[in-house]
2 protein chains.
Amino acid sequence: MASLLEGQARPIRLADIAKAAGVSHGTASNVFSRPEIVRAEVRERVKAVAEQMGYAGPDPKGRLLRAGKVNAIGVATTEPLSYFFDDPFARVMMAGISEACDATGAGIALVSAANQEKLAWNIQSALVDGFILFCIEGGSRLVDLTRERRLPFVALELGFQDETVSAIGVDNVAGARLAARHLAELGHRRFAVLSLAFADNRTGFATPDVVRGALYTGTRDRLAGYFEELARFGIDTTKIPVYETENEEKSTRAGLEAIFAKDEPPTAILAMSDRMALIAIDWLKARGLNVPGDVSIVGFDGVPDGALCTPALTTIAQPITEIGRRAARMILDHDGTVRRETMGVELIVRASTGPARKG
Amino acid sequence: MASLLEGQARPIRLADIAKAAGVSHGTASNVFSRPEIVRAEVRERVKAVAEQMGYAGPDPKGRLLRAGKVNAIGVATTEPLSYFFDDPFARVMMAGISEACDATGAGIALVSAANQEKLAWNIQSALVDGFILFCIEGGSRLVDLTRERRLPFVALELGFQDETVSAIGVDNVAGARLAARHLAELGHRRFAVLSLAFADNRTGFATPDVVRGALYTGTRDRLAGYFEELARFGIDTTKIPVYETENEEKSTRAGLEAIFAKDEPPTAILAMSDRMALIAIDWLKARGLNVPGDVSIVGFDGVPDGALCTPALTTIAQPITEIGRRAARMILDHDGTVRRETMGVELIVRASTGPARKG
DNA sequence: CATTTTTGTTGGATCGATTCAAATTTCAGT
DNA sequence: ACTGAAATTTGAATCGATCCAACAAAAATG
């Protein structure tokens, strides 16, 4: 008899408990979700029955459907899932998001995908109340996909002209100017820029055309900031090589090779990310060049790793954790409005920059 | 008229589309989930209606309830959520889990909680098909809580006697012996152990009583391994100080203070985690002691940071990524059986260990 | 004792989809 | 034109809970 029931292996539902305890659905539900409104005697009886039947407690699946809210926010990127645990920038950002979620008891669902179809499916089927989008490469596609879900979402890095999407980013122009001025004031006159992409899947030296047609306005703004400030020091910015990388090892090294193959190698490098800056330091050291003796470098982002490497990296620090916190809160207490926030940045002078060599 | 409808702001459901397009629920559903079985003409009509009405696509909440499967695995810990992004061990483990999830298209939900009640609630209400448990502190409570969900789960670090829970861990005894032998063969005779906790919330020197009554068998096994091997070299293990820490900065430093305040300070430290070992290196350097000149250290875990610090850490490496992968797969293709896997470990000799000082 | 309040319980409606057996339509073959 | 098989479509049942208006019983009030 018992074996017959066990053979079923059907999980026990709230309705089963109600029937067995001789109460209604409603009362059984109350025993678990609002026990205080149920008479003690009944409550105990139902609980006992539940215990004895091996009831696992109200299944969140059912509750969820009824409630409409999942109480979790999705964090999505086009990179593989491990990106969240590998990339220093992402990690600090996630710490901020975690903090806000911890505070309100919300969960975090990581969404990503190796390929395009899976990305679409994962976005479509993620059980979340909203999304935070890491817009790195292929960001525009990610935004389009997410928009179709008609859930609140925030894009990190407001690299989109599209004013209809909520976004949090930093003042790229101001940050870039800070970096450029710092180097110019140290006497540098020959520059090179390690740039992020201006559009999807680009790499190599960027022409003015490319810059003008930039899809990623974040990249464009940083370059504009560099150039504006350098121009104020009377530097001819049209001569400055700008190399687009994929913000990873290989293309960054290729960029450095190309830049230092030129006739007049730079004495200062403006890198649009700490990642590239760190790779550059490594590359220069391996080439026997001294940082900052021969070449100075300024990064962008302010990831913790920058403080630990040798020499420690001078950089433009974003308030990464705070951005994460705000992004999470934007989703958590979403009020239907589009928000676009721009955060300030800060120049942190460490050991990777120094006075330009005389001569 | 339109304004009246819009005022409702009720999200459009599949049923609305079906009605508007003049087809049944079933057909409308098929248009989205199995488009190939619907006649092209009908399919296009329904899609057009959906598009025009601004339908966001089938809501995963409904689908989920019906399907029963969430297609996501929960990773839980008693630490705050940011633990997953801060702790190097956790990060490598997550990379492994991510890999397995990416491969099958499953999602990852991070579960954690600042306080006990929230932990319970978060575990109870997490929308997942199973759990991977990071059993650090308070692991037993986490296991109890999870068991109540009656979902498949795996404990990482099989630190539980309880043979009824699935777990993946390493051969702690063998690993510890490897570490101890390495130091003994280098001529060391005076040791100290930086230990993980033997039970919840413990810290300070551990007495044999404490060790015998260990709740965490993982810790007990490592210590047993150290002692067994050292005994083979004729070392009196009863004299070896064993200090339990919370595996973080403060208590580890306190442990080092206490250990080096003793009459005959050790020339070799056996640390049960790389984290503690790294902190120890730092502490020793600040104290003017040379590693490995004055004191040798062996860690346990094999986190990437260990390779980067100075001096690079000699350690017992666990196949962390592989453990993560397996744990995820155990949940993903769960067959109802209890699995307990023990993985091998490896001694990685780097620069933090050297011959014992003469005299 | 009749009447109002308070407290506890009930059962049906609902959340938003998927599924499947049965009904219907389409179509090839004669 | 007719038949049987194949291709589509239908509509009710289901997933597992919560909510709420209505009702019943008990307690408080006049």
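Per chain, numbering begins at 1; letters A, B, ... match sequence-line order. Reckoned from all heavy atoms, side chains included, excluding hydrogens, waters and symmetry mates. Treat the numbers as computed from the prediction; the structure is a model and nothing was measured.
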**From SG (A:Cys101) to CD1 (A:Ile331), nearest 0.5 Å** =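 Interatomic distance, A:Cys101 SG to A:Ile331 CD1, rounded to 0.5 Å: 10.0 Å.
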Give a yes/no answer on whether the side chain of [X] brings an N or O atom under 4.0 Å of OP1 or OP2 in [N].
| X | N | answer |
| --- | --- | --- |
| A:Ser29 | D:dT18 | yes |
| B:Arg39 | D:dA7 | no |
| A:Ser24 | C:dG11 | no |

**Prompt:** Between B:Lys61 and B:Thr27, who's closer to the 5' end of DNA chain C by nearest nucleotide?
**Reply:**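 That would be B:Lys61.
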**Asked** How large an angle, rounded to 10°, do the end axes of the helix from C:dC1-D:dG30 to C:dT30-D:dA1 enclose when each is built from five base pairs?
**Response**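 If I round to tens, the end axes sit 40° apart.
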**Asked** Is there a side-chain contact between B:Ser29 and B:Leu14 (heavy atoms, below 4.5 Å)?
**Response**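 Side-chain contact under 4.5 Å: yes.
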Value in whole Å for how far the [atom2] atom of [N] lies from [atom1] of [X]:
| X | N | atom1 | atom2 | result |
| --- | --- | --- | --- | --- |
| A:Gln124 | C:dA17 | CD | P | 13 Å |
| A:Asn30 | C:dG8 | CG | P | 11 Å |
| B:Glu36 | D:dA6 | CD | C1' | 16 Å |
| B:Lys69 | D:dT14 | NZ | C1' | 19 Å |
| B:His25 | C:dT19 | NE2 | C1' | 13 Å |
| A:Ile12 | D:dC15 | CD1 | P | 14 Å |
| A:Asp59 | C:dC15 | CG | C1' | 14 Å |
| A:Leu65 | D:dT14 | CG | P | 17 Å |

**Request:** Search all heavy atoms of A:Ala197 against all heavy atoms of A:Tyr216 and return the closest pair with its distance.
**Result:**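 Closest heavy-atom pair between A:Ala197 and A:Tyr216: O-CD1, 3.4 Å.
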**Message:** I need the minimum non-hydrogen distance between A:Arg149 and A:Val128, along with the two atoms involved.
**Reply:**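 The pair with the smallest heavy-atom distance is NH2-O, 4.4 Å.
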**Message:** Using a 4.0 Å heavy-atom cut-off, does A:Tyr55 contact any base of the nucleic acid, only the sugar-phosphate backbone, or nothing at all?
**Reply:**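 Sugar-phosphate: the residue A:Tyr55, judged by heavy atoms under 4.0 Å, touches backbone atoms but no base.
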**Request:** With heavy atoms under 4.0 Å as the rule, sort A:Gly26 into base, sugar-phosphate or nothing.
**Result:**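 Touches a base.
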**Item:** B:Arg66 (side chain) and D:dT14 (base): donor-acceptor pair under 3.5 Å
**Value:**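 Check passes, donor-acceptor contact within cut-off.
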**Asked** Taking the inter-plane angle between the rings of A:Phe85 and B:Phe85 on a 0 to 90° scale, is it parallel (under 30°), tilted (30 to 60°) or perpendicular (over 60°)?
**Response**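 The arrangement is parallel - the two ring planes meet at less than 30°.
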**Other residues, nucleotides, ligands: >12 heavy atoms within 6.0 Å of A:His334 NE2** =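 Above 12, so yes.
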**Request:** Could you say whether B:Ala28 or A:Phe32 is positioned toward the 5' end of DNA chain D, judged by the nucleotide with the nearest heavy atom to each?
**Result:**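 Between the two, 5'-proximity favours B:Ala28.
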**Prompt:** Given the side-chain rings of B:Phe32 and B:Tyr55, with only the six-membered ring counted for Trp, is the space between their centroids under 6.0 Å?
**Reply:**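 Centroid separation for B:Phe32 and B:Tyr55: below 6.0 Å.
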